[in-house]
Q: 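Before anything else, here's the structure in question.
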Number of protein chains: 2
Amino acid sequence: MAHSHSWPQRPKSSEAGLNPHVSVDCVIFGFDEGELKVLLIERNLQKTDHESRKFSLPGNLVDDNEDLDTSAKRILKELTNLENIYMEQFFAFGDPNRVKSSSDAQWLNAVRELPTARVITVAYYSLVKIADSEPAAASFARKAFWCPVSEVPALAFDHNQILDKARQSLKIKLRMQPVGFELLPEKFTLGQLQRVYETILGTSLDKRNFRRKILNKGFLKALPEKQKGVPHKRALLYEFDKVTYDRLSSEQFNFDF
Amino acid sequence: MAHSHSWPQRPKSSEAGLNPHVSVDCVIFGFDEGELKVLLIERNLQKTDHESRKFSLPGNLVDDNEDLDTSAKRILKELTNLENIYMEQFFAFGDPNRVKSSSDAQWLNAVRELPTARVITVAYYSLVKIADSEPAAASFARKAFWCPVSEVPALAFDHNQILDKARQSLKIKLRMQPVGFELLPEKFTLGQLQRVYETILGTSLDKRNFRRKILNKGFLKALPEKQKGVPHKRALLYEFDKVTYDRLSSEQFNFDF
DNA sequence: TTTTCATAGTGTTGTTTTAACACTTAACTT
DNA sequence: AAGTTAAGTGTTAAAACAACACTATGAAAA
């Protein structure tokens, strides 16, 4: 057996300084116009990179002394200027060739002026209220934009795979916890919430059954207010009642949807 | 904003060769004597380390060119001599001080003869049939042993936290997919399976309801065989019918327990 | 001003799933 | 022979679920 059993220990090859790089990538979900969207960034490609993929998920190498969560929050803050955002770490991607073997390897090496070193990435997804987020591109030279998940092009590295896994994880999460409202404004209608569920779960839901079920959970508070400016009947607005939710949670209720 | 938006890019400090180390830690679960157990290893402590914690989860630094999953499989193979084991990556732990600040830091540095560098770990849990695994300690100088999860002592680094998160993740998994049988021999009784569920979920279940529910799923096949050598009525043996399970899965059934 | 369009809002019923509940049987041990 | 342990088995009331269609309202279009 070639490998040592006495851990921790440096593998031989790391003495050459080839420790992996560690990055954090963020799948930032938003919901708008009845669609699930994801924040992509346009990369600064060199002229010689005409074949490379132009878009990627936002990400950063993790700073020394920086926690993974902190790194993810930093990315979010930079791109959306939002803090205190719902965020979940969902997977670490560590295929040794996930960066090296991609069509972007040449570009990457050029930028880094380094021997090719692998990059292990820890991926997070976040749910943001698009309306609250600053126009993403405004604050940065780097272009960022909301892209409907159904129209996401081929992305750099393994980012399409990361996005797929994020969608899966979110789907599972939504079935277990009421995170849907994180994608909506503070005050929202049941119709909007239903569309969030339908979009993420990929099913259509019966309106009456949905309303009964979600209202019976007890964590939605009806407001004495209605929607304005819609070209049809105004819907009652609701908000998520965190205090009640926390109380119910601690009393061991299930929130499976 | 101190941080760059052009990613990927090397953080300044990494030029000094302080890239994080990346390890994989494994929470290897077994089930025996009606208890959930976890495989711990006893560490080779120096004489000067009389205050350090003696036990840890098995783990390894990830080799260059080694996939994370591969690394986890390697740990399993080394400790249990088992392959093709059920395994799930469940979380990456990256607190910059998770290793440095522990009471083991001094020891760690001594062994490594390195400036203190952080270690980011990607954690997996595995479900193994204890009976099939070789006596864990036999093949290695390093002592490994099965420890009931209820009796796990203070472990090195943040390993107690990793174990807790593994248990949570497993609980969620078990509610969504029938992984319980992975902890049992190929042929098992419904009583054994029920004890697995009760142990992992932390509840007690009604025997008749449990049987009806699990048998109705359709993926357990009754064998024409009974238990032997028990001091009471012999139970019918069952096995997990993977072919049927896969078929049912693809037909979009839910397996929520 | 009338019509049209889009979404809000609302109950019932049959079916399925769940939770609660107790006794008899079989195999070994004492 | 008696004791111990776990296996195995059905019913019922309550809850959750799925399927289903119409009216109400507000704006825009005609």
Side-chain angles (χ1 to χ4, degrees), chain A residues 31-35 175-176 178 184-185 187-199 201-239 248 251-257, chain B residues 31-35 175-176 178 184-185 187-199 201-239 248 251-257:
Chain A
F31 189 79
D32 194 24
E33 297 167 9
E35 272 187 318
R175 284 184 38 186
M176 301 189 52
L184 295 173
K187 302 172 181 183
F188 52 85
T189 71
L190 294 184
Q192 292 169 334
L193 189 61
Q194 183 178 344
R195 281 186 287 278
V196 167
Y197 274 78
E198 289 177 331
T199 304
L201 299 179
T203 59
S204 68
L205 301 168
D206 180 86
K207 180 163 54 163
R208 284 168 288 190
N209 293 339
F210 177 81
R211 289 171 159 252
R212 189 178 23 249
K213 190 165 170 179
I214 206 92
L215 288 175
N216 282 342
K217 304 282 184 189
F219 49 69
L220 290 189
K221 190 162 64 186
L223 297 171
E225 262 183 277
K226 294 199 167 181
Q227 225 179 2
K228 283 177 189 160
V230 288
H232 50 72
K233 185 173 176 180
R234 293 166 180 166
L236 192 57
L237 292 169
Y238 291 81
E239 67 181 9
L248 294 175
E251 288 167 7
Q252 310 266 20
F253 283 73
N254 263 357
F255 289 104
D256 292 14
F257 183 78
Chain B
F31 189 78
D32 194 25
E33 296 168 9
E35 271 186 319
R175 285 184 37 186
M176 302 189 53
L184 295 173
K187 302 172 181 183
F188 52 85
T189 70
L190 294 183
Q192 292 169 332
L193 190 59
Q194 182 177 345
R195 280 185 288 279
V196 167
Y197 274 78
E198 288 177 331
T199 305
L201 299 179
T203 59
S204 69
L205 301 168
D206 180 85
K207 180 164 51 163
R208 283 170 289 190
N209 293 339
F210 176 81
R211 292 171 156 252
R212 186 174 28 247
K213 190 165 172 180
I214 205 94
L215 288 175
N216 282 341
K217 304 282 184 189
F219 49 69
L220 290 189
K221 189 163 66 187
L223 297 170
E225 263 184 277
K226 295 198 167 181
Q227 227 179 359
K228 283 177 190 162
V230 287
H232 51 73
K233 186 172 178 179
R234 293 167 178 165
L236 192 58
L237 291 170
Y238 291 81
E239 67 181 8
L248 295 175
E251 289 168 6
Q252 309 265 19
F253 283 74
N254 263 357
F255 289 105
D256 293 14
F257 184 79

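Values reported hereafter were calculated over all heavy atoms of this structure, with side chains retained and with hydrogens, waters and symmetry mates removed. Below, chains carry the letters A, B, ... as their sequence lines are ordered, and counting in each starts from 1.
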Q: Between C1' on C:dT10 and CG on A:L236, what's the gap in Å once rounded to a whole number?
A: 14 Å
Q: Expected output is a numbered-order residue list: members of residues 205-215 of chain A with a heavy atom under 4.0 Å from any atom of DNA chain C. What is it?
A: A:K207, A:R208, A:R211, A:R212
Q: Identify the heavy atoms of B:P178 and B:F219 that sit nearest to each other, and give their distance.
A: CB-CZ, 3.4 Å
Q: How many Å lie between CZ on A:F188 and P on C:dT7, as a whole number?
A: 19 Å
Q: According to side chain to side chain donor-acceptor pair (under 3.5 Å), who are the partners of A:N254, at least two apart in sequence or on a separate chain?
A: none
Q: If I compare all heavy atoms of A:G34 with all of A:T199, which pair ends up nearest, and what's the gap?
A: O-OG1, 3.8 Å
Q: Protein within reach of the bases, or only the backbone? For nucleotides 24-30 of chain D, mark each nucleotide 5' to 3' as B, S or -, using heavy atoms under 4.0 Å.
A: BBBS---
Q: Taking C-beta and beyond as the side chain, do B:L201 and B:F257 meet within less than 4.5 Å on heavy atoms?
A: yes
Q: Roughly how many Å is it from CG in A:L193 to C1' in C:dG9, rounded to a whole number?
A: 16 Å
Q: Without decimals, in angstroms, what is the distance between B:F257 CZ and C:dT17 P?
A: 14 Å
Q: Please report the distance, rounded to the nearest Å, between CZ in A:F255 and C1' in D:dA16.
A: 16 Å
Q: Of all residues at least two apart in sequence or in a different chain, which pass the side chain to side chain donor-acceptor pair (under 3.5 Å) check with A:Q194?
A: A:E198
Q: Can you tell me which residue pairs pass the salt bridge (Lys or Arg N to Asp or Glu O under 4.0 Å) test with a partner in residues 214-236 of chain B, sequence neighbours excluded?
A: B:K187-B:E225, B:K221-B:E239
Q: Side chains of residues 204-211 of chain B: which donor-acceptor partners sit under 3.5 Å, not counting sequence neighbours?
A:
residue, atom, partner, partner atom, Å
B:D206, OD2, B:R208, N, 3.1
B:D206, OD2, B:N209, N, 2.9
B:D206, OD2, B:N209, ND2, 3.4
B:N209, OD1, B:R212, NH2, 2.7

